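Here's the structure, in structure tokens; my notes come after.
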Amino acid sequence: MLRRGKSSGLMAEYIESVLYDEIEDGVVSILKGTRGKIRVKKIRLIEASHPFPNEKSVEAAEKIIELIEDSSPNDLFISLI
């Protein structure tokens, strides 16, 4: 069960369902233990702790930074908060 207020996985699932053909890559940090409930194919999910960061939180941030660094000026990034 997803806990209240921890919607990053569901948001990733929704955005992928709407923009599937346009998505080339993505990274989302999700609450540890919720991966099995999220259905995405193109977006990478990294399970991390909440509300206090752990090593997986750092890994997710590093993967997001890598994605940005490897982008071109015409790439579009979507951040869901």
Side-chain angles (χ1 to χ4, degrees):
M1 178 175 180
L2 289 175
R3 295 182 201 167
R4 178 183 242 184
K6 312 302 177 274
S7 62
S8 60
L10 292 175
M11 289 190 292
E13 185 175 48
Y14 179 76
I15 202 72
E16 187 176 281
S17 74
V18 173
L19 298 173
Y20 186 82
D21 291 335
E22 288 79 17
I23 294 175
E24 292 182 22
D25 199 357
V27 178
V28 174
S29 176
I30 63 171
L31 180 64
K32 182 179 179 183
T34 62
R35 169 175 264 158
K37 307 212 185 288
I38 307 304
R39 303 289 180 249
V40 292
K41 293 181 180 178
K42 293 184 174 183
I43 298 173
R44 291 175 279 160
L45 303 175
I46 299 176
E47 292 184 285
S49 66
H50 181 82
F52 302 105
N54 64 4
E55 287 183 23
K56 288 297 202 175
S57 306
V58 173
E59 177 186 336
E62 289 172 344
K63 295 293 181 189
I64 292 167
I65 291 168
E66 286 175 21
L67 193 63
I68 294 167
E69 289 176 341
D70 293 341
S71 68
S72 70
N74 293 324
D75 288 338
L76 172 67
F77 284 86
I78 298 173
S79 177
L80 303 170
I81 300 172

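Keep in mind it's a predicted model, so treat the numbers as computed, not measured.
Clustering ILVMFWY residues whenever any of their side-chain heavy atoms sit less than 4.5 angstrom apart, transitively, puts Leu80 in a cluster other than the one holding Val27. At a threshold of 4.5 Å between side-chain heavy atoms, the hydrophobic network of Ile, Leu, Val, Met, Phe, Trp and Tyr places Ile78 and Leu67 in two separate groups. Residues Val18 and Met11 are members of one and the same hydrophobic cluster, defined by side-chain heavy-atom contacts under 4.5 angstrom among Ile, Leu, Val, Met, Phe, Trp and Tyr.
Judged as a side chain to side chain donor-acceptor pair (under 3.5 Å), and not counting sequence neighbours, the contacts of Lys56 are Glu59.
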Name the atoms and distances for all side-chain donor-acceptor pairs under 3.5 Å in residues 39-47, with sequence neighbours left out.
{"unit_1": "Arg39", "atom_1": "NH1", "unit_2": "Gly36", "atom_2": "O", "d": "2.6"}
{"unit_1": "Arg39", "atom_1": "NH2", "unit_2": "Gly36", "atom_2": "O", "d": "3.3"}
{"unit_1": "Lys42", "atom_1": "NZ", "unit_2": "Tyr20", "atom_2": "O", "d": "2.7"}
{"unit_1": "Lys42", "atom_1": "NZ", "unit_2": "Ile23", "atom_2": "O", "d": "3.0"}
{"unit_1": "Arg44", "atom_1": "NE", "unit_2": "Asp25", "atom_2": "OD1", "d": "3.3"}
{"unit_1": "Arg44", "atom_1": "NH2", "unit_2": "Asp25", "atom_2": "OD1", "d": "3.3"}
{"unit_1": "Arg44", "atom_1": "NH2", "unit_2": "Asp25", "atom_2": "OD2", "d": "3.1"}
{"unit_1": "Glu47", "atom_1": "OE2", "unit_2": "Gly33", "atom_2": "N", "d": "2.6"}
{"unit_1": "Glu47", "atom_1": "OE2", "unit_2": "Thr34", "atom_2": "N", "d": "3.2"}
{"unit_1": "Glu47", "atom_1": "OE2", "unit_2": "Arg35", "atom_2": "N", "d": "3.3"}

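How far OG of Ser7 is from CG of Leu31: 11.0 Å, rounded to the nearest 0.5 Å. The structure places OG of Ser71 at 12.5 Å from CD of Glu66, a figure rounded to the nearest 0.5 Å. Rounding to the nearest 0.5 Å places CG of Leu10 at 13.0 Å from CD1 of Ile15.
More than 12 heavy-atom neighbours from other residues, nucleotides or ligands sit within 6.0 angstrom of CZ on Phe77.
Within the structure, no pair that satisfies the salt bridge (charged side-chain N to carboxylate O under 4.0 Å, His left out) test touches residues 67-81, not counting sequence neighbours. Residue pairs meeting the salt bridge (charged side-chain N to carboxylate O under 4.0 Å, His left out) criterion with at least one member in residues 7-23, sequence neighbours excluded, do not occur.
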| message | Under the criterion side-chain contact (heavy atoms from CB on, under 4.5 Å), I'd like the reasoning laid out for Ser29 against Ser8: C-alpha separation, chi angles, the key distance, then a yes or no. | response | CA-CA 7 Å; Ser29 176; Ser8 60; 5.7 Å; no
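Through direct or indirect side-chain contacts shorter than 4.5 Å among Ile, Leu, Val, Met, Phe, Trp and Tyr, Ile65 is connected to no other residue.
A heavy-atom distance below 4.5 Å is not found between the side chains of Val28 and Ile38.
Closest non-hydrogen pair, Pro53 versus Ser49, comes out as C-OG, 3.4 Å.
Although no hydrogens or angles enter the test, the distance criterion places no donor-acceptor pair under 3.5 Å between the side chain of Ser57 and the main chain of Ala48.
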